[in-house]
Undergrad: 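Before we start, here is the structure in question, set down as structure tokens.
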Amino acid sequence: MCGRFTLNATPEQIAETFGLSIRPEWSPRYNIAPTQLIPIVRVTTANAAREWQMVHWGLLPSWSRDRTRAASLINARSETVAEKPSFREAFRHRRCLIPASGFYEWETIDKKTKQPYLIARGEQSLFAFAGLWERWISPEQEVVETCTILTTAADEAIKHLHERMPIIMEPEHYEEWLDPQLESMARAEELLRPTQPAEWKWRQVSTAVNNARTEGPICLEPPRDQLFQ
DNA sequence: CCAGACGTTGTT
DNA sequence: GTCTGG
DNA sequence: CCAGACGTTGTT
DNA sequence: GTCTGG
């Protein structure tokens, strides 16, 4: 799955990589947790420019009564996303890219012990998760936008760490994935099946780092020895 | 018909 | 909002 | 995903 | 042990 991730990139890098004319407001972060605000890249209407938007991580279906269960929808299985009531409308009309520079997976050592790993691309230090976004109107008419990260079976290279992983959307597929006019859902599902396994690098990280409280100074500076070279 | 769920992961 | 279970 | 709470009453 | 909030 993908329950924490990093986005150690500047607004300039994000804008450059995803073809945004307006730079997102962002400071590099290495421990992004569910419910927090993150930048997504999307196209909201036909022929509109790509835009970024800060949305909460954890999708709230438009018919939700309250926002209490958003944090449980931080991931959506790509195998079933087209049919699930919570995701299918977003899959049809509200696909997005979620910029990331790495993600964490926890290897289960035994019942009580988990070892976190930081996983990143071998090349392409800034990449994108395939995601969906949604818009929820609260009883008080407050607009709340949220997103979820699509998952799939783990690649050969990292499945010894964990069974599932987020889907990485390759740059050559950004445009089609984001197209709100894309009529063929079969095509959308095809975009979720990579033709080539990606190159990965990973390293153990300390529990202390990953347990760092996410409130307070929300932009934690990554310790030098926690980064890839 | 109404009431209640609608999700993922991991673990048993 | 829409589907499932009773 | 992890961390932290997990309860009531009345009073400030 | 399980749920909620970040």
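Below, chains carry the letters A, B, ... as their sequence lines are ordered, and counting in each starts from 1.
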Undergrad: For B/dG10 versus D/dC2, give the span between their C1' atoms, rounded off to a whole number of Å.
TA: 15 Å
Undergrad: Between B/dT12 and E/dT2, how far apart are the P atoms? Round to whole Å, please.
TA: 12 Å
Undergrad: Mind checking what makes side chain to side chain contact (heavy atoms under 4.5 Å, CB included) contact with A/T146, not counting sequence neighbours?
TA: A/H56, A/L59, A/L60, A/E134, A/V144
Undergrad: How long is the line joining CH2 of A/W136 and C1' of B/dC6, in whole Å?
TA: 15 Å
Undergrad: Among all residues two or more places apart in sequence or in another chain, which pass the side chain to side chain contact (heavy atoms under 4.5 Å, CB included) test with A/E189?
TA: A/A82, A/F91, A/R193
Undergrad: Write down the distance between CD (A/Q36) and P (D/dA3), rounded to a whole number of angstrom.
TA: 14 Å
Undergrad: Would you please say whether a donor-acceptor pair under 3.5 Å links the side chains of A/R77 and A/T151?
TA: no
Undergrad: Counting the atoms with a prime plus P, OP1 and OP2 as sugar-phosphate, which does A/F87 contact under 4.0 Å by heavy atoms, base, sugar-phosphate, or nothing?
TA: sugar-phosphate
Undergrad: Tell me the interatomic distance from A/L132, atom CG, to B/dG7, atom P, rounded to whole angstroms.
TA: 13 Å
Undergrad: Base, sugar-phosphate or nothing for A/S86? Non-hydrogen atoms, less than 4.0 Å.
TA: sugar-phosphate
Undergrad: According to side chain to side chain donor-acceptor pair (under 3.5 Å), who are the partners of A/W200, at least two apart in sequence or on a separate chain?
TA: A/D155
Undergrad: Sequence neighbours excluded, which residues qualify as side chain to side chain donor-acceptor pair (under 3.5 Å) partners of A/E83?
TA: none
Undergrad: Would you measure the distance from the P atom in C/dC3 across to the matching atom in B/dG7 and give it in whole Å?
TA: 12 Å
Undergrad: For A/F103 and B/dT9, what is the distance between atoms CZ and P respectively, to the nearest whole Å?
TA: 13 Å
Undergrad: Quick check on B/dC6: is either OP1 or OP2 less than 4.0 Å from any side-chain nitrogen or oxygen of A/S64?
TA: no
Undergrad: What is the distance, rounded to the nearest whole Å, between atom CG of A/N31 and atom C1' of D/dC2?
TA: 9 Å
Undergrad: Please report, rounded to the nearest Å, how far the C1' atom of D/dC1 is from the CG atom of A/N75.
TA: 9 Å
Undergrad: Rounded off to whole Å, could you give me the CZ-to-P distance for the A/R69 and B/dG4 pair?
TA: 13 Å
Undergrad: Under the side chain to side chain donor-acceptor pair (under 3.5 Å) rule, collect the residues that match up with A/T113, sequence neighbours excluded.
TA: A/D110
Undergrad: For residues 123-131 of chain A, dump all side-chain donor-acceptor pairs below 3.5 Å to protein atoms at least two apart in sequence or in another chain.
TA:
unit_1	atom_1	unit_2	atom_2	d
A/Q124	OE1	A/R121	NH1	3.2

Undergrad: If a pair means Watson-Crick or G-U wobble with both distances below 3.5 Å, what does DNA chain B look like in dot-bracket form, with | marking bases paired to a different strand?
TA: ||||||......
Undergrad: What distance, rounded to whole Å, do you find between the two P atoms, one in B/dT11 and one in E/dG1?
TA: 14 Å
Undergrad: I need the full list of salt bridge (charged side-chain N to carboxylate O under 4.0 Å, His left out) pairs touching residues 32-41 of chain A, with sequence neighbours left out, sorted by first then second residue.
TA: none
Undergrad: Expressed in whole Å, how much space separates the C1' atoms belonging to B/dT8 and D/dC1?
TA: 11 Å
Undergrad: Return a table of donor-acceptor pairs under 3.5 angstrom between the side chains of residues 13-23 of chain A and protein atoms on other chains or two or more places apart.
TA:
unit_1	atom_1	unit_2	atom_2	d
A/Q13	OE1	A/T10	N	2.8
A/Q13	OE1	A/T10	OG1	3.4
A/T17	OG1	A/Q13	O	2.9
A/R23	NE	A/E12	OE2	3.3

Undergrad: Checking A/T68 now: which residues fulfil side chain to side chain donor-acceptor pair (under 3.5 Å) with it, not counting sequence neighbours?
TA: A/D66
Undergrad: Summarise protein proximity over nucleotides 1-6 of chain C in one line of letters, 5' to 3': B for base, S for sugar-phosphate only, - for none, counting protein heavy atoms closer than 4.0 Å.
TA: BS----
Undergrad: Nearest to the side chain of A/R77, heavy atoms from C-beta on, is which of B/dT8, B/dG7, D/dC1?
TA: B/dT8
Undergrad: Give me, pair by pair, the N or O atoms of the protein and of nucleotides 10-12 of chain B that are less than 3.5 Å apart, along with how far apart they are.
TA:
unit_1	atom_1	unit_2	atom_2	d
B/dG10	OP1	A/H162	ND1	3.3
B/dG10	OP1	A/H162	NE2	2.0
B/dT11	OP1	A/T108	OG1	2.7

Undergrad: State plainly whether the residues A/R67 and A/E142 are in salt-bridge range, i.e. N to O under 4.0 Å.
TA: yes
Undergrad: CD of A/E163: more than 12 outside heavy atoms within 6.0 angstrom?
TA: no
Undergrad: Should A/T80 be listed as having a side-chain N or O under 4.0 Å from OP1 or OP2 of B/dG7?
TA: no
Undergrad: Please give, in whole Å, the distance from D/dC2 C1' to A/I32 CD1?
TA: 15 Å
Undergrad: Do A/N8 and A/R29 pair up side chain to side chain, a donor and an acceptor below 3.5 Å, judged on atom types alone?
TA: no
